[in-house]
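Worksheet for the structure shown next.
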Amino acid sequence: MTQNKTAKPTNFIETVIQEDLRTNKYGGRVHTRFPPEPNGYLHIGHAKAISINFGIAEDYKGLCNLRFDDSNPMKEKQEYIDAIRDDIRWLGFDWEDREYYASDYFDQLYEWAVKLIKDGKAYVDDLSADEIREHRGTLTEPGKESPYRKRSVRENLDLFKRMRAGEFPDGFKVLRAKIDMAAPNINMRDPVMYRILHESHYRQSNKWCIYPTYDWTHGQSDSIEGITHSLCSLEFEDHRPLYDWFLEQLGVYHPQQIEFARLNLSFTVMSKRVLKRLVEEGYVSGWDDPRMPTISGLRRRGYTPESIRSFCQRIGVAKADSIIDIALLEHCLREDLNKRAPRVMVVLRPLKVVIDNYPEKQVEELDAINNPEDESMGIRKVPFSRVLYIEQDDFREEPPPKFYRLALGREVRLRYAYFIKCVDVVKDEKGNVVELHCTYDPQTRGGDAPDGRTSKATLHWVSAAHAIKAEVRLYDRLFVKPDPDDVEEGKDFTVNLNPNSLEILKDCYGEPSLKTAKIGDRFQFERLGYFYVDLDSSPDALVFNRTVSLRDTWAKIEKAQKRG
RNA sequence: UGGGGCGUCGUCUAGUGGUAGGACACAGGAUUUUGGAUCCUGGUGCGGAGGUUCGACUCCUCCCGCCCCAGCCA
């Protein structure tokens, strides 16, 4: 992963870093950080930020800190800290002993606030939240100065101390930076630095009843940690002048902030608010529901960390707002899984097949290749006998054009087994096909015909007597529209939820080698897709999640045919 | 109608004055005991208009469009 410092930059951030390295701006150091707020679970969008921050540190032989931006006691919890740590580790990144907390800087921040007050750069304001909003002006009109803006340094100092001492109730006073109420950049119109919150902090307990705002915390935290490049998303671009101002007034070390566009993915949502609603209103089973774009959801779905990292590499880094096609994520997943997942045969929707000319009690152990992409994964034995299951989709009474699979009178190959020919179809009283009778050609054992004839279709199958029953959960995209927020006036994203995003199949049959499948194992079910053994699985009740289907050319043809 | 950003194939992204490249997607074809995988082939797409220049995606001007900001959230 380590690349030469003079290697061609892969994005505009690296261009800046290489230039800083060249000019020795930070003494040759590259030090980044990933600064999540522990108020929720990480999602694939965070994976991009993680990948950028840790990736750049890795590539330039620098360091990347993990810092929890925990300045709001109302929202933050230890539970999220733990989950975030797990997710980052799972992705494969390491912050060693550099785990920091903005809340550990509260004392320093307080001292700095006192310094600003003494310098006449900050003041205690008695205005209510509503009044402050009114005084702020609008996008086109300047704000008005607070009547308390001219308080003396001594009074400000006294008041601020008393704020900290708990003399005032929540919301009664705030500490504000004294900048410019007429600034065209609204962030510079005397932003709030401290608010009174008689609230226990998950790490600081009741030590504080005033808490610094993010704007007053973030830049100084980066400064304290000696961060060289503070990489963040675009919406903080117009906060940068404020961060610069604070650092300048304080006269402390000044990191460089660089903003990039956050990740958007088609057919899913990234907003914490929406994700939270999906969980709380029961549209999904939890933060780790396999349909969620959370790291924990993707993990449970069966995504590999490698595939996510590869995805983050490929999408690049830029400043233009964009929506990445989720097909790219799925491509990265398949690419990785194709190389590593052992193949196995599982029938999802079983259709019974009796091989009429196959001896009643006979069982043969046939050789099957574990992974055609990786010979070292070897072979296994698969039992074949007179009664089998094949996929319902693999038989048609009236085969449409280009349908190569089984139909009455047709011959196909059973993977690693024999050529079989359908000679009879059994239906129930409603006319549903419930059983097929076939004959096999003993000459084709293993799947090759000595006379050179071939089959356009090769079907997966399972021996009924040897099959292992399993539950399979078929997951699909959570939303039916590329942009889930594309809704009529007055409606919300819930109208775009995909009603078929989860289908549970309880009567699936797998080959006996699956007996030893453990939670967390990944397989390719031949011709179907990649599957992951779910947390709910047990040795006698296997549960598989479909991570992603295989590319399905036939489905495309059929869809095109239906379209006309 | 304030400020800050951004506009290159369908979607991302490279290119920073010298024939617009890559990935995904899509469409053909080859191959195949997974309709998988693999391998070929297929695209004039730089928001618009002027200007500078021998030459402009790159520089200048104007215009158009999109995103962000009026939390005591981050």
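Values below: all heavy atoms of this structure, side chains included; hydrogens, waters and symmetry mates excluded. In the text below, chain A, chain B and the rest are named by the order of the sequence lines, each starting its count at 1.
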Partner set under ring pair (Phe, Tyr, Trp, His ring centres under 6.0 Å) for A/Phe384, not counting sequence neighbours:
A/Tyr358, A/Tyr418, A/Trp461
Using the rule ring-ring contact (aromatic ring centres under 6.0 Å, His included), only one of A/Tyr194, A/Phe168, A/Tyr123 pairs with A/Phe160; which is it?
A/Tyr194
Nearest-angstrom distance from the residue atom CZ of A/Arg189 to P of B/rG4
13 Å
A/His239 vs A/Phe236 aromatic rings, parallel, tilted or perpendicular, using cut-offs 30° and 60°?
perpendicular
Whole-Å distance, A/Ile52 CD1 to B/rU13 P, equals 11 Å
Side chains of A/Arg527 and A/His460: do they bring a donor and an acceptor to under 3.5 Å?
yes
Taking the P atom of each, how far is B/rU11 from B/rA25, in whole Å?
16 Å
Please give the distance between the C1' atoms of B/rC54 and B/rC40 as a whole number of Å.
40 Å
Which residues pass the side-chain hydrogen bond (donor to acceptor under 3.5 Å, both in side chains) test with A/Lys272, sequence neighbours left out?
A/Asn39
Look at the side chain of A/Arg176 and the backbone N and O of A/Val124, then say whether any donor-acceptor pair between them is shorter than 3.5 Å.
no
d(CD, A/Gln313; P, B/rU13) in whole Å:
15 Å
Quick one: side-chain hydrogen bond (donor to acceptor under 3.5 Å, both in side chains) partners of A/Arg203, sequence neighbours excluded?
A/Asp104
From the candidates B/rC6, B/rA25, B/rG35, the one with an atom nearest any side-chain atom of A/Ala320 is B/rC6
Backbone N or O of A/Glu14 within a donor-acceptor pair of the A/Asn11 side chain at under 3.5 Å?
yes
Pairwise P distance for B/rA49 and B/rC64, with rounding to whole Å:
15 Å
For A/Arg262, enumerate each residue passing the side-chain hydrogen bond (donor to acceptor under 3.5 Å, both in side chains) test, keeping only those at least two apart in sequence or located in another chain.
A/Glu235
Whole-Å distance, A/Asp325 CG to B/rC24 C1', equals 7 Å
Pairwise C1' distance for B/rG10 and B/rC26, with rounding to whole Å:
8 Å
May I have the distance from A/Ile179 (atom CD1) to B/rG3 (atom C1'), rounded to whole angstrom?
15 Å
In whole Å, what is the span from the CZ atom of A/Phe267 to the P atom of B/rU11?
14 Å
Considering every strand and a 4.0 Å limit on heavy-atom distances, what is the contact class for A/Glu373: base, sugar-phosphate, or nothing?
base
With syn defined as a glycosidic torsion within 90 degrees of 0 and anti otherwise, which applies to B/rG45?
anti
Between P on B/rA37 and CG on A/Asn338, what's the gap in Å once rounded to a whole number?
7 Å
Mind checking which stems touch RNA chain B? I mean at least 3 consecutive Watson-Crick or G-U pairs, both distances under 3.5 Å.
B:2-7 with B:64-69, B:10-13 with B:21-24, B:26-30 with B:38-42, B:47-51 with B:59-63
Side-chain ion pair, A/Asp367 and A/Lys381, N-O less than 4.0 Å:
yes
Pair of N/O donor and acceptor under 3.5 Å linking B/rU34 base with A/Arg343 side chain
yes
Could you give the distance separating B/rU38 and B/rU31 at their C1' atoms, to the nearest angstrom?
8 Å
Could you give the CG-to-C1' distance, from A/Asn371 to B/rU38, as a whole number of Å?
14 Å
Measuring only the P atom in each nucleotide, how far is B/rG45 from B/rG65? A whole number of Å is fine.
23 Å
Scoring nucleotides 69-74 of chain B by protein non-hydrogen atoms under 4.0 Å (B base, S sugar-phosphate only, - none) yields BBSBSB
Could you tell me whether A/Glu558 and A/Arg396 have a side-chain N and a carboxylate O separated by less than 4.0 Å?
yes
Using side-chain hydrogen bond (donor to acceptor under 3.5 Å, both in side chains) as the criterion, list what pairs up with A/Asn72, not counting sequence neighbours.
none
Quote, to the nearest angstrom, the C1' distance that separates B/rG43 from B/rG21.
13 Å
Check: residues 140-148 of chain A side-chain donor-acceptor pairs under 3.5 Å, at least two apart:
{"from": "A/Thr140", "atom 1": "OG1", "to": "A/Thr138", "atom 2": "OG1", "distance (Å)": "3.4"}
{"from": "A/Glu141", "atom 1": "OE1", "to": "A/Thr138", "atom 2": "OG1", "distance (Å)": "3.1"}
{"from": "A/Glu145", "atom 1": "OE2", "to": "A/Arg149", "atom 2": "NH1", "distance (Å)": "3.3"}
{"from": "A/Ser146", "atom 1": "OG", "to": "A/Asp125", "atom 2": "OD1", "distance (Å)": "2.9"}
{"from": "A/Ser146", "atom 1": "OG", "to": "A/Asp125", "atom 2": "OD2", "distance (Å)": "3.2"}
{"from": "A/Ser146", "atom 1": "OG", "to": "A/Tyr148", "atom 2": "N", "distance (Å)": "3.1"}

At their closest point, which heavy atom of A/Gln313 faces which heavy atom of A/Ser51, and how far apart are they?
NE2-OG, 4.3 Å
Which residue pairs pass the side-chain hydrogen bond (donor to acceptor under 3.5 Å, both in side chains) test when at least one of the two sits in residues 161-175 of chain A, sequence neighbours left out?
A/Asp126-A/Lys173, A/Asp158-A/Arg162, A/Arg162-A/Glu167
Which is true for A/Leu459 with a 4.0 Å heavy-atom rule: it touches a base, it touches only sugar-phosphate, or it touches nothing?
nothing
How far, in whole Å, is B/rG18 from B/rU13 if one measures between their C1' atoms?
23 Å
Please list, for nucleotides 26-28 of chain B, all pairs of protein and nucleotide N/O atoms separated by less than 3.5 Å.
{"from": "B/rC26", "atom 1": "OP1", "to": "A/Lys556", "atom 2": "NZ", "distance (Å)": "3.3"}

Mapping A/Lys319 and A/Lys456 to their closest nucleotides on RNA chain B, which lands nearer the 5' end?
A/Lys319
Can you name the residues that form a ring pair (Phe, Tyr, Trp, His ring centres under 6.0 Å) with A/Tyr80, not counting sequence neighbours?
A/Tyr41
Identify, residue by residue, the members of residues 522-532 of chain A with a heavy atom below 4.0 Å from RNA chain B, and return them in order of residue number, or none.
A/Gln524, A/Glu526, A/Arg527
Whether A/His331 contacts B/rC24 is assessed here as follows: a side-chain N or O lying under 4.0 Å from the phosphate OP1 or OP2. Is that the case?
yes
Touch class at under 4.0 angstrom, heavy-atom based, for A/Arg240 against every strand present
nothing
5'-most contact on RNA chain B: A/Asp448 or A/Gly316, nearest heavy atom basis?
A/Gly316
